[in-house]
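A short worksheet on the structure shown next.
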Amino acid sequence: MELKEKLQALLELEGFPCHFMEPMSSHTTFRIGGPAAAYVCPSGETELKTVLSFCRREKLPFFILGNGSNLLVSDAGYEGVVISTTEGLTRLEAEGERIFASSGQLLSRTAKRALKEGLTGLEFAAGIPGTIGGALVMNAGAYGSEIKDVLEYARVMTPEGEILTLGPKELKMDYRTSCIPAMGYTVLDACFRLKKGNRDEIEAYMNELSLKRREKQPLQYPSAGSTFKRPKGHFAARLIEDAGLKGFTVGGAQVSQKHSGFVINRGDATAADVMELCRQIRERVKTQFDVELEMEVKTLGKF
Ligand code: FAD
């Protein structure tokens, strides 16, 4: 039986509304990616746990998707189940100096809630277009702050279905990394510990950072943000620019003219274009400066 038919039969048997051959280009900020064999949106934590244990029991490959803002999906798509958190896992609550958010909640909304509560600490995150789950996996950060600075704890589910409550150290959060993928954890939710602040000052700082983003980043084009991690002692964007690669193009993929750290989709880029562009960038930077650029963007599917 074809994978699609097997998934259809199994998922419908469990009663999960499921989309088949769902174009991933609709679910990534790169606007690139072939179809996922199956695409499920659990309506809450219980449903998420059921889908996960079902996939594990049936040995179906699966992928947890946040907002798809740090992701390049192959043109051939993904032969498995994409589990999206953004529709059903969106709890957002405040209590004293703490904010509780489910894994599919947007970081930007969480930061705005902090502003509403007069809590400071999440201003840096207001312009990052990811979810709480994606932000924890990546230890997302900007303008000198990172998620691990404000994370008190997260609840994660292990591959065995056990729920653990872990802090940033246990999650091994470091520059754009954590142990979440390697451990096979699924982030369920997070608690952020912030500080009482002045609402006007919080808002002014958020506005200042938002302006900086709009001035420096090519936000009018689809992308996945910074394509490469910052190599020790260097800036990826500077190395790429110094290698003469500003505006360098492969097919529809281009090194942004505005910010060389961003690979943008000029409209008709394929995942293969992006990968080839990245390969050539890495090769040129290695040859000219003897620096290895490491991808920050995650990939899904065969390349
Ligand atoms: P996705 O792209 O959906 O997934 C990323 C990884 O997280 C995948 O491996 C996925 O499987 C995993 N994942 C997602 N949710 C869960 C979960 N619940 N449990 C387990 N694993 C999960 N990043 C920064 O750090 N700083 C920035 O300033 C920044 N600016 C950006 C600007 C633009 C215009 C864009 C497009 C991106 C930017 N990014 C930035 C990158 C991106 O927004 C962050 O990496 C973000 O944290 C990714 O979150 P996501 O929900 O989109 O994750």
Side-chain angles (χ1 to χ4, degrees), residues 23-36 63-79 82 128-130 134-135 137-142 174-178 180-182 213 216-303:
M24 289 302 290
S25 53
S26 308
H27 302 286
T28 59
T29 55
F30 244 139
R31 298 279 167 254
I32 292 173
F63 180 83
I64 313 282
L65 178 71
N67 204 35
S69 66
N70 196 47
L71 188 64
L72 180 67
V73 182
S74 145
D75 299 315
Y78 177 59
E79 288 261 302
V82 169
I128 302 177
V137 168
M138 297 306 299
N139 183 29
D174 207 336
Y175 173 68
R176 300 301 170 269
T177 185
S178 71
I180 297 168
R213 272 186 194 272
K216 299 248 160 74
Q217 300 182 357
L219 300 180
Q220 69 276 35
Y221 288 104
S223 80
S226 295
T227 316
F228 302 99
K229 292 188 184 184
R230 193 176 56 230
K232 263 212 169 77
H234 299 273
F235 289 101
R238 169 57 61 86
L239 291 169
I240 295 167
E241 198 167 327
D242 289 351
L245 293 170
K246 193 175 219 173
F248 181 59
T249 303
V250 171
Q254 185 179 58
V255 174
S256 164
Q257 301 270 9
K258 196 168 176 183
H259 188 315
S260 302
F262 279 54
V263 168
I264 56 166
N265 174 3
R266 300 263 315 166
D268 56 356
T270 61
D273 292 341
V274 174
M275 283 307 256
E276 177 55 21
L277 183 68
C278 291
R279 192 192 64 74
Q280 293 196 37
I281 293 170
R282 296 180 73 196
E283 193 176 273
R284 288 269 286 271
V285 167
K286 173 75 183 156
T287 309
Q288 291 196 28
F289 307 110
D290 197 23
V291 177
E292 301 267 5
L293 286 180
E294 186 191 340
M295 293 286 281
E296 179 169 325
V297 173
K298 304 255 183 198
T299 57
L300 176 66
K302 287 197 185 110
F303 282 92

With side chains defined as the heavy atoms from C-beta onward, is the minimum distance between Val137 and Pro181 less than 4.5 Å? yes

Is it the case that the side chains of Thr270 and Asp273 hold a donor-acceptor pair, with the cut-off being a distance below 3.5 Å and no angle test? yes

Flag the pair Lys229 and Glu296 as a salt bridge only when some basic side-chain nitrogen lies within less than 4.0 angstrom of an acidic carboxylate oxygen. no

So CD of Glu283 and CD of Gln280: to nearest 0.5 Å the spacing works out to 7.0 Å

Worked check of side chain to side chain contact (heavy atoms under 4.5 Å, CB included) between Met275 and Thr299: CA-CA 10 Å; Met275 283 307 256; Thr299 57; 4.2 Å; yes

For Phe289 and Asp242 the tightest heavy-atom approach is CZ-CB, 3.7 Å

Give me the atom names and distance for the closest heavy-atom approach of Asn70 to Ala224. OD1-O, 3.8 Å

Is the CZ atom of Phe248 crowded by more than 12 outside heavy atoms at less than 6.0 Å? yes

Heavy-atom side-chain contact between Val297 and Leu71 under 4.5 Å: no

Please answer whether the main-chain N or O of Asp174 pairs with a side-chain N or O of Asn139 as donor and acceptor at a distance below 3.5 Å. yes

Can you confirm whether more than 12 heavy atoms, excluding those of Arg238, are under 6.0 Å from its CZ atom? no

Test log, rule side chain to side chain contact (heavy atoms under 4.5 Å, CB included), inputs Val255 and Leu277: CA-CA 8 Å; Val255 174; Leu277 183 68; 4.3 Å; yes

Could you state the interatomic distance from CD (Gln217) to CD1 (Ile264), rounded to the nearest 0.5 Å? 12.5 Å

Which pair of heavy atoms, one from Leu293 and one from Pro231, lies closest together, and at what distance? CD2-CG, 3.7 Å

Applying side chain to side chain contact (heavy atoms under 4.5 Å, CB included) to Thr28 and Leu72, what does each step give before you reach the verdict? CA-CA 8 Å; Thr28 59; Leu72 180 67; over 6 Å; no

Look up atom CD1 in Ile281 and atom CE in Met295, then write down how far apart they are to the nearest 0.5 Å. 8.5 Å

Just verifying a value: how many Å separate Lys298 NZ and Phe63 CZ, rounded to the nearest 0.5 Å? 8.5 Å

With Lys246, which residues qualify under side-chain contact (heavy atoms from CB on, under 4.5 Å), at least two apart? Glu241, Gln257, Ser260

So does Tyr175 get a backbone contact from the side chain of Arg230, meaning a donor-acceptor N/O pair under 3.5 Å? no

With no hydrogens and no angle check, is any side-chain donor or acceptor of Ser25 less than 3.5 Å from a backbone partner on Arg31? no

Check Ala237 against Gly261 and note the closest heavy-atom contact, atom names and distance. CB-N, 3.5 Å

Within a 6.0 Å radius of atom NZ on Lys216, are there more than 12 heavy atoms belonging to other residues, nucleotides or ligands? no

Where at least one partner belongs to residues 251-277, residue pairs that pass ring-ring contact (aromatic ring centres under 6.0 Å, His included), sequence neighbours excluded: His259-Phe262

Asn67 side chain vs Pro129 backbone, donor-acceptor pair below 3.5 Å: yes

Compare every heavy atom of Arg284 with every heavy atom of Gly244, then report the nearest pair and how far apart it is. O-NH2, 4.3 Å

Rounded distance [0.5 Å steps], CZ in Phe228 versus SG in Cys278: 4.0 Å

Can you tell me how far apart CG (Leu65) and OH (Tyr78) are? Round to the nearest 0.5 Å. 11.0 Å

Distance-minimising heavy-atom pair for Ile32 and Ala271: CG2-N, 3.4 Å

Test side chain to side chain donor-acceptor pair (under 3.5 Å) applied to Thr249 - qualifying residues, sequence neighbours left out: Gln254

Evaluate the criterion side chain to side chain contact (heavy atoms under 4.5 Å, CB included) for residue pair Val274 and Phe30; output intermediate values, then yes/no. CA-CA 10 Å; Val274 174; Phe30 244 139; 4.0 Å; yes

